[in-house]
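What follows is a short report on a single structure.
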Amino acid sequence: MNLMTLYYKLLSEYRDPVNYWPQWCAVNKSVNEREKIIIGMILVQRTSWHNTNIALKNLKQSNLLSVEKIAELSNLNNLTELIRPAGFFQSKPTRLFDVCTFIKKSGGIENLLNKDADNLRAELLHIKGVGKETADTILLYAFDKPVFIIDEYTYRWSEKHDVPIGRDYDDLQLYFQNQLESDAALYQKFHALIIISQRGRDKSLMEIV
DNA sequence: CACCAGGAATGTA
DNA sequence: TACATTCATGGT
């Protein structure tokens, strides 16, 4: 069974993933929504969405759920307290600040949207705290670039469905992208379905819209 | 109380 | 290159 067949099977079982993640799979995302996705992706690293949502809510209440405003901070003390529920308080504030600073110095989301996916990916990977998974998640969901995300869910799903590729990020990503048409909307829905189809106890997702 | 939740940097051989 | 360790919070 090829990946497209498996995708349609997932669709038939779980319906349209856009209903589960409207803010992620939306066709027309605002700049602000894209920023929230990026901020969320940094905060959720090795953390549950439940905890991440608390941190996001704190940022919103302090009017800091913004790349610009985070990048303009003179110190990270307040930011550290606000995102503490997301854990790793000694590293995440700096990671978040660095990502926001990069975006601001690059001319903002609007400017980065025009950049080539490969070049943007390389630039993101230069930021300390941004690895392949985070970079690709940002590319796919915040910038709508056709890059398939490889994460623990993708590994488990691939193994379960006998995808003939081992546990290697680059190999598995190439396989998905070679088997599927290069389409960001397809990748977004496909990956959302992979997650939805195997969520465990914590069924929470990103809440902030 | 033990374990987990969409990682990435760092150190070791 | 490949693998182990470390980092922190809130829920189950």
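In this text, all values refer to a predicted model and were calculated from it rather than measured experimentally. Residue numbers start from 1 in every chain, and the chains themselves are labelled A, B, ... in the order their sequence lines are given, proteins ahead of strands.
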R84(A) CZ - dC7(C) P separation (whole Å): 15 Å

Presence of H50(A) side-chain N/O under 4.0 Å of dG11(C) phosphate oxygens OP1/OP2: yes

Distance between P atoms of dT5(C) and dG6(B) (Å, rounded): 23 Å

Side-chain donor-acceptor pair present, E13(A), S197(A), cut-off under 3.5 Å: no

E72(A) atom CD, over 12 foreign heavy atoms within 6.0 Å: yes

Backbone N/O of R121(A) and side chain of K115(A): donor-acceptor pair under 3.5 Å: no

Integer-rounded Å distance: dG6(B) P and Y169(A) OH: 16 Å

Phosphate contact (dT10(B) OP1 or OP2) by K128(A) side-chain N/O below 4.0 Å: yes

Spacing between H126(A) atom NE2 and dA8(B) atom P, to the nearest angstrom: 16 Å

Nearest listed nucleotide, side chain of T134(A), among dA8(C), dA8(B), dG6(B): dA8(B)

L125(A) or M41(A), whichever maps to the more 5' nucleotide of DNA chain B: M41(A)

Atom-pair distance (CZ on F148(A); P on dG6(B)), nearest Å: 17 Å

Atom pair distance, as rounded to whole Å: CG in N53(A) and C1' in dG11(C): 13 Å

No-H, no-angle donor-acceptor pair, T137(A) side chain to dG6(B) base, under 3.5 Å: yes

Inter-nucleotide P distance (dA8(C), dG11(B)), Å rounded: 16 Å

I54(A) CD1 to dA8(C) P, straight-line distance once rounded to whole Å: 18 Å

Sugar-phosphate only, base, or nothing, as touched by Q90(A) at under 4.0 Å among non-hydrogen atoms: sugar-phosphate

Closest listed nucleotide, where the reference is the side chain of R95(A) and the choices are dA8(C), dA8(B), dG10(C): dA8(B)

Sugar-phosphate, base or nothing in reach of F88(A), heavy atoms under 4.0 Å: base

Near-ring test F148(A)/Y175(A), centroid separation under 6.0 angstrom: no

D151(A) CG - dG7(B) P separation (whole Å): 8 Å

Check: D98(A)/T101(A) side-chain N/O donor and acceptor closer than 3.5 Å: no

d(CZ, R167(A); C1', dG6(B)) in whole Å: 12 Å

Proximal nucleotide (of dT9(C), dA8(C), dG6(B)) relative to the S91(A) side chain: dA8(C)

Sugar-phosphate, base or nothing in reach of I127(A), heavy atoms under 4.0 Å: sugar-phosphate

Polar side-chain atom of K132(A) near backbone of D170(A) as donor-acceptor pair, under 3.5 Å: no

Under 4.0 angstrom between Q45(A) side-chain N/O and dG6(B) OP1 or OP2: no

